[in-house]
Amino acid sequence: MSPRCSLVVNGKPVRVATGDTPLDAALPRNVAAGRDGVIQDAQLQGAQIQDSLPRLRNTSRARPRLGDGAATRPGPAPSPLAVLRTVKRAGTLLSVAPLSGAVIEVVVTVSRNLDVAPGQAVEVAFAGMPARPYCPTQRIDGNTELNELVFHLRRDVGTLGPALGEAVRPGHVVRIKGPAGGTPYRPGPGRLILVSAETGFAPIWAIARAARHRETAREMVVVAGAADADDLYMRPGLDWLRATGVPQITLAASRDRRGQADVRHGPVTAHLPTLRGSDTVHVAGPPDIVRAVERLCDSVGATCAALPFLPSRSRARSLVTPGDTGAQFGL
């Protein structure tokens, strides 16, 4: 079978690579996210739909999942319209709690439970502020209620961060729309490698907890890091993973380790395990980290689901970086 095939979506030819769904192929290939967890809308041209979807690159040799109109189909696939269907919820800001000097945990209660799969996004609009898509996660201690949406945000980034706890306090009205996009985490064979930097840990934490409940026997490797060791806020979550039988966990920071024996020096990319073609890798964080992990996955044929986060210094600039084919995102 050819590694690529063609199909027609709304009268336009779309190239589909091995392992891609028609939705994956139709969306821009270079989708990014903000350093504090924000994911910008990506326009699905022709269908007139806006969707928040992380970039999912499958470099394995799995058979492609083809939709209607393709020459070969292993099974029926939902249409992009079905995949992108979203619902709305009214919400209220429940709590704002510090996780580190720069990172805060924001909990929003919603009027009714919203089924958001690990790695998906929702569009969040705090009253008086513009709507932004974010990846929900779990509370850092794991005790998240069914009607709660939890976000990990930076205090020093964008419009919302500095306002939390000040102009935006518990009781603030919030509007939620979602979920948006596909589900990066899918149970499967092979090792599950989870890599995060900074608040990229938010979607990774959601995926890790889901995987421990759904695939208790699957081997998992976790590498989490930050530029500054003071921002390694994810320790309680990592302790939970160790208690559930995940021994392969690494913390990394490039500066200010201050004698922390459990923190290795350097970026997370310096502490990855040797990758295999059978691995599934999920990575979230700054673009340079994500691109480096993607290249390593490409070199061995591993599946890579990527959530690149824009560095904060890019936010005052255009949302499209020269040379990129897809939208770059910031606050």
**Student:** Which pairs with one or both residues in residues 138-148 pass salt bridge (Lys or Arg N to Asp or Glu O under 4.0 Å), sequence neighbours excluded?
**Tutor:** Arg139-Glu148

**Student:** Considering all heavy atoms of both residues, which atom of Ala127 and which atom of His172 are nearest to each other, and what is their separation?
**Tutor:** O-NE2, 2.8 Å

**Student:** Answer whether the closest heavy-atom distance between the side chains of Leu153 and Leu160 falls below 4.5 Å.
**Tutor:** yes

**Student:** So, applying side chain to side chain contact (heavy atoms under 4.5 Å, CB included) with Leu272, which one of Val281, Val223, Val283 is it?
**Tutor:** Val223

**Student:** Determine whether Trp240 and Leu194 fall in the same hydrophobic cluster, where Ile, Leu, Val, Met, Phe, Trp and Tyr are linked whenever their side-chain heavy atoms lie under 4.5 Å apart.
**Tutor:** yes

**Student:** Give a yes-or-no answer on whether the side chains of Glu198 and Tyr233 include a donor-acceptor pair shorter than 3.5 Å.
**Tutor:** no

**Student:** Can you tell me how far the CD1 atom of Ile289 sits from the CD atom of Glu294, to the nearest 0.5 Å?
**Tutor:** 12.0 Å

**Student:** I'd like to check the salt bridge (Lys or Arg N to Asp or Glu O under 4.0 Å) partners of Arg169; sequence neighbours left out, ordered by chain and number.
**Tutor:** none

**Student:** Taking only residues two or more places apart in sequence or in another chain, which ones pass ring-ring contact (aromatic ring centres under 6.0 Å, His included) with Phe126?
**Tutor:** none

**Student:** Would you compute the distance between atom NE2 of His282 and atom OH of Tyr185 and round it to the nearest 0.5 angstrom?
**Tutor:** 8.0 Å

**Student:** Applying side-chain hydrogen bond (donor to acceptor under 3.5 Å, both in side chains), name anything that partners Thr144, two or more places apart in sequence or on another chain.
**Tutor:** Gln138

**Student:** Could you pull out all residues at least two apart from Thr244 that satisfy side-chain hydrogen bond (donor to acceptor under 3.5 Å, both in side chains)?
**Tutor:** Arg212

**Student:** Return the set of residues passing side-chain contact (heavy atoms from CB on, under 4.5 Å) with Ser196 (not counting sequence neighbours), or none when no residue passes.
**Tutor:** Phe201, Ile204, Ala224

**Student:** Report the C-alpha distance between Thr280 and Ile193 in whole Å, list the side-chain angles of each, state the deciding distance to 0.1 Å, and finish with yes or no for side-chain contact (heavy atoms from CB on, under 4.5 Å).
**Tutor:** CA-CA 6 Å; Thr280 296; Ile193 313 293; over 6 Å; no

**Student:** Can you check whether Gly188's main-chain N or O pairs, donor with acceptor, with Arg218's side chain at less than 3.5 Å?
**Tutor:** yes

**Student:** Met220 and Ala211: which non-hydrogen atoms are nearest, and at how many Å?
**Tutor:** CE-CB, 3.6 Å

**Student:** Going by the salt bridge (Lys or Arg N to Asp or Glu O under 4.0 Å) test, which pairs reach into residues 241-250, not counting sequence neighbours?
**Tutor:** Asp239-Arg242

**Student:** By salt bridge (Lys or Arg N to Asp or Glu O under 4.0 Å), which residues pair with Glu219, not counting sequence neighbours?
**Tutor:** none

**Student:** Where do Ala206 and Pro136 come nearest, in terms of heavy atoms and distance?
**Tutor:** CB-O, 4.1 Å

**Student:** What side-chain donor-acceptor pairs closer than 3.5 Å can you find for residues 87-96, not counting sequence neighbours?
**Tutor:**
from  : atom 1 : to     : atom 2 : distance (Å)
Arg89 : NE     : Arg112 : O      : 3.1
Arg89 : NH2    : Asn113 : O      : 3.3

**Student:** Using the rule that Ile, Leu, Val, Met, Phe, Trp and Tyr join whenever any side-chain heavy atoms are under 4.5 Å apart, tell me whether Leu99 and Val107 fall into a single cluster.
**Tutor:** no

**Student:** Identify whether Val263 and Val103 are in the same connected component of the hydrophobic contact network (ILVMFWY, side-chain heavy atoms under 4.5 Å).
**Tutor:** yes

**Student:** So does Ala202 get a backbone contact from the side chain of Thr137, meaning a donor-acceptor N/O pair under 3.5 Å?
**Tutor:** yes

**Student:** First locate atom CG of Asp228, then atom CZ of Arg255, and finally report the distance between them rounded to the nearest 0.5 Å.
**Tutor:** 5.0 Å

**Student:** I'd like to know whether Val106 forms a side-chain contact (heavy atoms from CB on, under 4.5 Å) with Tyr134, so could you lay out the CA-CA distance, the side-chain angles of the two residues, the decisive distance to 0.1 Å, and finally the verdict.
**Tutor:** CA-CA 11 Å; Val106 176; Tyr134 293 92; over 6 Å; no

**Student:** Could you pull out the closest heavy-atom pair between Leu114 and Gly178, with the gap in Å?
**Tutor:** CD1-O, 3.5 Å

**Student:** Using the test salt bridge (Lys or Arg N to Asp or Glu O under 4.0 Å), find all partners of Glu105 that sit at least two apart in sequence or belong to another chain.
**Tutor:** none

**Student:** Roughly how far, to the nearest 0.5 Å, is the SG atom of Cys304 from the CG atom of Asp298?
**Tutor:** 7.5 Å

**Student:** Going from CG on Asp156 to CD1 on Ile104, what distance comes out if it is rounded to the nearest 0.5 angstrom?
**Tutor:** 9.5 Å

**Student:** So, do Pro118 and Gln120 sit near enough that their side-chain heavy atoms are less than 4.5 Å apart?
**Tutor:** no

**Student:** Give, for atom OG1 of Thr109 and atom CG of Leu146, the distance between the pair rounded to the nearest 0.5 Å.
**Tutor:** 13.0 Å

**Student:** Please step through side-chain contact (heavy atoms from CB on, under 4.5 Å) for the pair Ile249 and Leu241, ending with a clear verdict.
**Tutor:** CA-CA 9 Å; Ile249 296 176; Leu241 290 173; 3.9 Å; yes

**Student:** Do Leu149 and Val110 have side chains that approach each other closer than 4.5 Å (heavy atoms only, starting at C-beta)?
**Tutor:** yes

**Student:** List for me each residue that meets side-chain hydrogen bond (donor to acceptor under 3.5 Å, both in side chains) alongside Arg175, sequence neighbours excluded, and say none if there are none.
**Tutor:** none

**Student:** Could you note down all residue pairs passing salt bridge (Lys or Arg N to Asp or Glu O under 4.0 Å) where residues 265-285 supplies at least one of them, sequence neighbours left out?
**Tutor:** Arg191-Asp279

**Student:** Checking side-chain contact (heavy atoms from CB on, under 4.5 Å) for the pair Val221/Leu192: CA distance, chi angles, key distance, verdict?
**Tutor:** CA-CA 6 Å; Val221 180; Leu192 184 62; over 6 Å; no

**Student:** Looking only at heavy atoms, what is the nearest atom pair of Gly200 and Pro203, with distance?
**Tutor:** O-CD, 3.2 Å

**Student:** If you group Ile, Leu, Val, Met, Phe, Trp and Tyr by side-chain heavy-atom gaps below 4.5 Å, do Val122 and Val150 land in one group?
**Tutor:** no

**Student:** Looking only at heavy atoms, which two atoms of Glu215 and Pro187 are closest? And how far apart?
**Tutor:** OE2-CA, 3.3 Å

